[in-house]
A.B. asks: 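Sharing a structure here in structure tokens format.
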Amino acid sequence: MNISTSRSRAGHADCTAPTLSIVVPMFNEEDVLPILFDRLGQFLENLGESYEIICVNDGSTDGTAGILADMHAGDNRIKVMNFSRNFGKEIALTAGLDVASGLTVVPIDADLQDPPELIETFLEKWREGYDVVYAVRHRRDTDTAVKRWSAIKFYQIINRLSGVPIPANTGDFRLMDQRVVRSISRLREHNRFMKGLFAWVGFRHAEVFYDRPERAAGQTKFNYWRLWNFALDGITGFSTVPLRIAGYIGMLTALAAIIYGLFLTMRTLIHGVDVPGYASLMVAVLLIGGLQLVVLGVIGEYLGRLFDEARKRPLYIVESSLGLSAGDDGST
Ligand code: UDP
Ligand code: MG
């Protein structure tokens, strides 16, 4: 099939579909919003493509909702979804993808760490026939050494453990064809590690390199504890290898116990009963007890997540929306 035909036919179901849907998750971003809309708006006007901007207000407690309402009143291409509380970035992104109507969808951070200008290159690649075009960070100069090191380790670990390769140094900043977005919207798991879900659905992809700038204003919402939990979500969501490792730990300790048991039996038979042994007893009891707790903890991680999924709660609750069809609560 000719690619250019497929691109022009892609929107046949809805001829009013804009070329671009920009999805912006926001949590207490009042400081950065004026700069964001200024730069994004200017860029999109120059680009000359039809577009919509979907702002997902992830339960902000500052003036974000008010600013968004004003923006919508001034330009109805700016659409707003207000969550009833903070659900987290991954869920906010999901909600945005659920309602995006464009032929292509680009999630972008509110703090301008994802330069909008890159979207032009994304679109070029999309027109060449790629379904997903993602931005890869050249360097991480703006991150601290610890963050850089932990990011490298994280990608190494997750790519060894999970079945689908997750490209390193990418964020959520990417352009996706509507087919890809529809596929992702069908994945309703609660443990939403978006980078993993993006990778899981597949499709033809291309990379674009860029330098990630500092946050334009305001504060980061991710501290190390949140990042650590994010990493755990990623690993448990995309791999059951830790469970297998737990099994191996059990087998190895059992094997060691058998060998040591045989040795002790032989020694007792040959040399008779040997009472002292407090140290070795303590070491063995503590070691095995510790290992059991670790293994239980690993199982618990998975069990907890299973429980989370089993409740089948909607992913998010929408309190109000502007310019979007109402009643969407992510339960589809
Ligand atoms: N964000 C969100 N909900 C949250 C935390 C963050 O929607 O619970 C949004 C935030 O407003 C921003 C994006 O996610 O648009 C990235 O957040 P941030 O810049 O704080 O993360 P960092 O770039 O430091 O990883
Ligand atoms: Mg940021």
Side-chain angles (χ1 to χ4, degrees), residues 21-40 53-68 71 78-100 105-116 118-119 134-137 139-152 154-155 168-174 190-195 197-198 210-231 233-234 315-319 321 330:
S21 291
I22 313 271
V23 172
V24 200
M26 302 171 182
F27 177 49
N28 293 344
E29 298 287 7
E30 63 179 359
D31 292 338
V32 86
L33 285 190
I35 320 175
L36 170 77
F37 283 114
D38 216 44
R39 183 144 151 220
L40 197 58
I53 303 178
I54 296 172
C55 306
V56 186
N57 171 17
D58 186 10
S60 301
T61 49
D62 64 354
T64 299
I67 299 175
L68 291 180
M71 296 303 300
I78 298 178
K79 300 170 182 179
V80 184
M81 183 189 281
N82 291 304
F83 277 180
S84 58
R85 63 168 172 88
N86 179 252
F87 281 88
K89 181 187 174 187
E90 314 283 304
I91 303 271
L93 211 57
T94 307
L97 297 187
D98 286 346
V99 298
V105 181
V106 179
I108 196 168
D109 280 2
D111 58 6
L112 287 170
Q113 284 195 290
D114 303 330
L118 223 61
I119 295 175
Y134 52 78
V136 183
R137 283 175 223 182
R139 288 171 298 163
R140 283 176 164 256
D141 294 355
T142 52
D143 285 342
T144 60
V146 183
K147 200 165 172 179
R148 251 178 293 168
W149 178 84
S150 51
I152 293 172
F154 171 69
Y155 285 111
N169 293 327
T170 60
D172 300 319
F173 186 35
R174 59 188 61 217
H190 281 242
N191 179 5
R192 297 195 81 74
F193 178 62
M194 288 310 271
K195 279 181 251 196
L197 299 183
F198 289 149
Y210 79 120
D211 288 323
R212 191 165 171 85
E214 299 264 17
R215 202 173 225 288
Q219 294 246 316
T220 176
K221 313 291 180 296
F222 288 88
N223 54 29
Y224 284 112
W225 177 242
R226 225 170 149 166
L227 283 176
W228 165 249
N229 283 309
F230 183 65
D233 281 345
L315 286 177
Y316 52 86
I317 304 287
V318 179
E319 188 233 35
S321 62

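Since this is a predicted model, take the numbers as computed values, not measurements. In listed order, ligands and their atoms are each counted from 1.
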A.B. asks: State yes or no: are the ring centers of Phe87 and Tyr316 separated by less than 6.0 Å?
C.D. replies: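 Judged by ring-centre distance (under 6.0 Å), Phe87 and Tyr316 do not meet the cut-off.
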A.B. asks: Taking all heavy atoms of Ile108 and all of Ile22, pick out the closest pair and write down the distance.
C.D. replies: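 Between these two residues, the closest heavy atoms are CG2-CG2, 3.4 Å.
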A.B. asks: Among all protein heavy atoms in this structure, tell me which lies nearest to atom 24 (O) of ligand 1, with the distance rounded to 0.1 Å.
C.D. replies: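 Atom 24 (O) of ligand 1 sits closest to the protein heavy atom Thr220 OG1, 2.5 Å.
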A.B. asks: Among all protein heavy atoms, pick the one closest to atom 5 (C) of ligand 1 and tell me residue, atom and distance.
C.D. replies: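 Answer, as residue, atom name and distance: Lys221 CB, 3.6 Å.
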A.B. asks: Would you mind running through ligand 1 and noting each atom that sits below 4.0 Å from a heavy atom of Asp58?
C.D. replies: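 Selected atoms, number and element: 2 (C), 3 (N), 4 (C), 7 (O), 8 (O).
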A.B. asks: Identify, for atom 8 (O) of ligand 1, the protein heavy atom at the shortest distance, and state residue, atom and that distance.
C.D. replies: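 Of every protein heavy atom, Arg226 NH2, 2.9 Å lies nearest to atom 8 (O) of ligand 1.
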A.B. asks: Counting non-hydrogen protein atoms only, what is the nearest one to atom 16 (C) of ligand 1? Give residue, atom name and distance.
C.D. replies: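 Looking only at protein heavy atoms, the one closest to atom 16 (C) of ligand 1 is Asp109 OD2, 3.4 Å.
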A.B. asks: Can you confirm whether Phe83 sits close enough to Glu319 that some side-chain heavy atom of one is under 4.5 Å from a side-chain heavy atom of the other?
C.D. replies: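 No, too far: nothing below the 4.5 Å cut-off.
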A.B. asks: Please report which non-hydrogen protein atom sits nearest to atom 25 (O) of ligand 1, along with the residue it belongs to and the distance in Å to one decimal place.
C.D. replies: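 Residue, atom and distance for the closest contact: Phe222 CD1, 3.8 Å.
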A.B. asks: Which protein non-hydrogen atom lies closest to atom 18 (P) of ligand 1, naming both residue and atom, and how far is it?
C.D. replies: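 Looking at atom 18 (P) of ligand 1, the protein heavy atom closest to it is Arg215 NH2, 3.4 Å.
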A.B. asks: So which protein heavy atom does atom 9 (C) of ligand 1 come closest to, and at what separation?
C.D. replies: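 Result: Pro25 O, 3.7 Å.
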A.B. asks: Which residue and atom name correspond to the protein heavy atom nearest atom 23 (O) of ligand 1, and how close is it?
C.D. replies: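 Its nearest protein heavy-atom neighbour is Gln113 OE1, 2.7 Å.
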A.B. asks: Using a heavy-atom cut-off of under 4.0 Å, does the side chain or the backbone of Lys89 touch ligand 1, or both, or neither?
C.D. replies: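 Looking at Lys89 and ligand 1, atoms from backbone and side chain both fall under 4.0 Å.
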A.B. asks: Against heavy atoms of Asn86, which atoms of ligand 1 measure under 4.0 Å?
C.D. replies: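 It comes down to these atoms of ligand 1: 3 (N), 4 (C), 8 (O).
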A.B. asks: Do you know which two heavy atoms are closest between Asp109 and Leu36, and how far apart they sit?
C.D. replies: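 Distance-wise, the nearest heavy atoms are O-CD1, 4.3 Å.
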A.B. asks: What atom name does the N, O or S atom of Asp111 nearest to the Mg ion (ligand 2) carry?
C.D. replies: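 It is OD2, the N, O or S atom of Asp111 closest to the Mg ion (ligand 2).
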A.B. asks: Under 4.0 Å from a heavy atom of Glu29: which atoms of ligand 1 are those, numbered in the order shown and with their elements?
C.D. replies: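 Going through ligand 1 atom by atom, the ones under 4.0 Å from Glu29 are 10 (C), 11 (O), 12 (C), 15 (O).
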A.B. asks: With heavy-atom distances below 4.0 Å as the criterion, list the atoms of ligand 1 near Asp111.
C.D. replies: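 So the atoms of ligand 1 that pass are 19 (O), 23 (O).
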A.B. asks: At less than 2.8 Å, would any N/O/S atom of Asp109, backbone or side chain, sit next to the Mg ion (ligand 2)?
C.D. replies: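 Coordinating: no.
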A.B. asks: What about Tyr134 and Phe198, are their ring centers closer than 6.0 Å?
C.D. replies: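 So the answer is no for these two rings.
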A.B. asks: Whether Asp233 and Arg192 form a salt bridge (side-chain N of Lys/Arg under 4.0 Å from carboxylate O of Asp/Glu) is what I want to check.
C.D. replies: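 So Arg192 does not pair with Asp233 through a salt bridge.
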A.B. asks: Would you say that Phe173 contacts Leu118 through its side chain, given a criterion of any heavy-atom pair below 4.5 Å between the two side chains?
C.D. replies: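 Yes - at least one pair of side-chain heavy atoms lies under 4.5 Å apart.
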A.B. asks: Identify the residue among Thr94, Asp172, Asp58 that makes a side chain to side chain donor-acceptor pair (under 3.5 Å) with Lys89.
C.D. replies: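 Going through Thr94, Asp172, Asp58 one by one, the side chain to side chain donor-acceptor pair (under 3.5 Å) with Lys89 is satisfied by Asp172 alone.
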A.B. asks: Between Leu315 and His190, is there a side-chain heavy-atom distance shorter than 4.5 Å?
C.D. replies: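 Side-chain contact under 4.5 Å: yes.
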A.B. asks: Is the shortest side-chain heavy-atom distance between Val80 and Ser321 below 4.5 Å?
C.D. replies: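 No; the side chains remain at least 4.5 Å from each other.
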